[in-house]
2 protein chains.
Amino acid sequence: MPSKCSLKPRKLPQQERSRLTVEAILEATTHILTEKGYDKTNTNLIAERAGVSIGSLYQYFPNKKSLIVALREEHSKEIAELLAAKFNHLFDSPPEIAIPELVKAVIAVHAINPRLHQVLSEEIPYSERSQQQMQKTDEQITELLRAYLERWRERFALFDRDRLRPQNIEMTIFIINRTVESLCHSAVIEHPQFVSDSQFEQEVSNLLMSYLIKKPD
Amino acid sequence: MPSKCSLKPRKLPQQERSRLTVEAILEATTHILTEKGYDKTNTNLIAERAGVSIGSLYQYFPNKKSLIVALREEHSKEIAELLAAKFNHLFDSPPEIAIPELVKAVIAVHAINPRLHQVLSEEIPYSERSQQQMQKTDEQITELLRAYLERWRERFALFDRDRLRPQNIEMTIFIINRTVESLCHSAVIEHPQFVSDSQFEQEVSNLLMSYLIKKPD
DNA sequence: TGTCAATACGAGTAATTACTCATATTATTG
DNA sequence: CAATAATATGAGTAATTACTCGTATTGACA
């Protein structure tokens, strides 16, 4: 069972034909991963489902890991773009408006393909993850959050010096980020009924707002 | 590669000798899992590290899955007992006291063996998890939380009818549960510096308290 | 001390699977 | 229409690994 480490394809698709092949392979990977879970997913099965030979698969993906990484790239990009758009759109809206909208967006993002999201974050072995890639995605979100917090700094308690709040913005960003991510993630998977009406997004918004927003004295 | 489904051992250890064997096997499993990650963990390696033969291993664990399940059982039990003790001890303490203490306890629990915790929750394939087992642990914590919330119901906003709060206690419990769990989990792994002083536990407590506790009008 | 059950051993097996490579087919280009 | 580059093929291979089973050793108990 060889297992090299390069992630770049040995050949880039140049003709339309091969672009379709690559697309079919990625679609098949998603399908098998979500249907069977990581440990029942193998490259031969992926090739079969994609309707291409195993040889073709290895023309464009040097190893199994590169397949997973490519898939996560697609997925992360989709998420990052959607959230960036939302943040942009809501940049000048006050927290009471923006926070529920953003929570709604995160839920929507998780609802796109919950099972894929779950497999990627709960089943893929560490050796098959690109730490660099995952960190990059995380930092993108972090920066969006930071920008918004600073745009509305006079409304947020965490910037007050006199409060027993953290000087440490990083910690607050981390807390918000993980809280929303994990709540939306597990709600979509474990409690789809929560997500179907708007009660859940309201509650998560309340959690964030009561924590973040300065109270009038 | 056979893979049966029974999780019960084919033989229960009866003499002291075999009890030591079982212990050594579980210790070795923990060690290899945390050192190498799930995908580099195999039963032959575990037996070697435990200093027993592969045959002995399969006397007490009918398959690989049963090893993982036994390990998680140990781990969950430890956590559940520790938290149950804390909840008991703090049952009559008001939220302002109890919440920070409980958060501290959850952090401590995650700090026992963060890497094992991580592997168990982020790398073990679904086919190797006992859904029933995991659900049971979750329910235990849920019940502890519910009991505490009801003990101090007059202090918690979620019981007010007139507020735009959920009638749905289940949802609130879910939110609290997941929030604390995931924050402590990722903090211990990604930001050990957060955990080393008490700032992080204070922040998480603030998050919970500002969400849960009724404000004086 | 002898007998039987409990425990330990580990070489071997069968199944799985990531990946290669020699060859064939299809598109492009001059 | 060559000639060459791009793409496709899939049988085959080597490595890994969960698990078996026949045999040996140890302990309990009469």
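Numbered from 1 within each chain, the chains take letters A, B, ... in sequence-line order.
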Query raised in the report: Is the distance from OP1 or OP2 of D/dT17 to the nearest side-chain N or O of B/T43 less than 4.0 Å?
Result: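 No, B/T43 has no side-chain N/O under 4.0 Å of OP1/OP2 on D/dT17.
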| B/Y60 side chain N/O closer than 4.0 Å to the phosphate oxygens (OP1, OP2) of C/dA8? | yes
Would you say the ring centroid of A/F194 lies under 6.0 angstrom from that of B/F174?
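Under 6.0 Å, so yes.
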Discussion item. Pairing donors with acceptors under 3.5 angstrom, does anything connect the side chains of B/E122 and B/H185?
Written reply: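 Per modelled atom types, B/E122 and B/H185 side chains form a pair under 3.5 Å.
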Fill in: Donor on one side chain, acceptor on other, A/Q131 and A/Y126, under 3.5 Å
no
What's the closest nucleotide to the [X] side chain, out of [options]?
X: A/N42; options: D/dT9, D/dC19, C/dA18; value: C/dA18
X: A/R17; options: C/dT20, D/dT7, D/dA18; value: D/dT7
X: A/Q15; options: C/dA27, C/dA8, D/dA18; value: C/dA27

| request: Take A/E16 and B/T41, find for each the nucleotide of DNA chain D with the closest heavy atom, and name the residue whose nucleotide sits nearer the 5' end. | output: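 Looking at the nearest nucleotide for each, A/E16 comes out on the 5' side.
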Margin query: Between A/E16 and A/R19, is the salt bridge (Lys or Arg N to Asp or Glu O under 4.0 Å) condition met? List the steps.
Written below: CA-CA 5 Å; A/E16 184 59 16; A/R19 242 166 277 135; 2.8 Å; yes
Sugar-phosphate, base or nothing in reach of A/Q59, heavy atoms under 4.0 Å:
base
Review point. Which part of the nucleic acid, if any, lies within reach of A/L20 when heavy atoms closer than 4.0 Å are counted: base, sugar-phosphate only, or nothing?
Key: nothing
For atom CD of B/E143, is the number of surrounding heavy atoms from other residues, nucleotides or ligands below 6.0 Å larger than 12? yes
Checklist entry - Does atom NE2 of A/H89 have more than 12 heavy-atom neighbours, drawn from other residues, nucleotides or ligands, at distances under 6.0 Å? => result no
Note to self: Do A/I189 and A/R115 make a side-chain contact, defined as non-hydrogen atoms from C-beta onward lying under 4.5 Å apart?
What the structure shows: no
Between its two end axes (five pairs each) the helix from C/dT1-D/dA30 to C/dG30-D/dC1 turns, nearest 10 degrees, through 10°
Polar side-chain atom of A/R178 near backbone of B/S186 as donor-acceptor pair, under 3.5 Å = no
What residues 44-57 of chain B contributes to the DNA chain D interface at heavy-atom separation below 4.0 Å is B/N44, B/I54
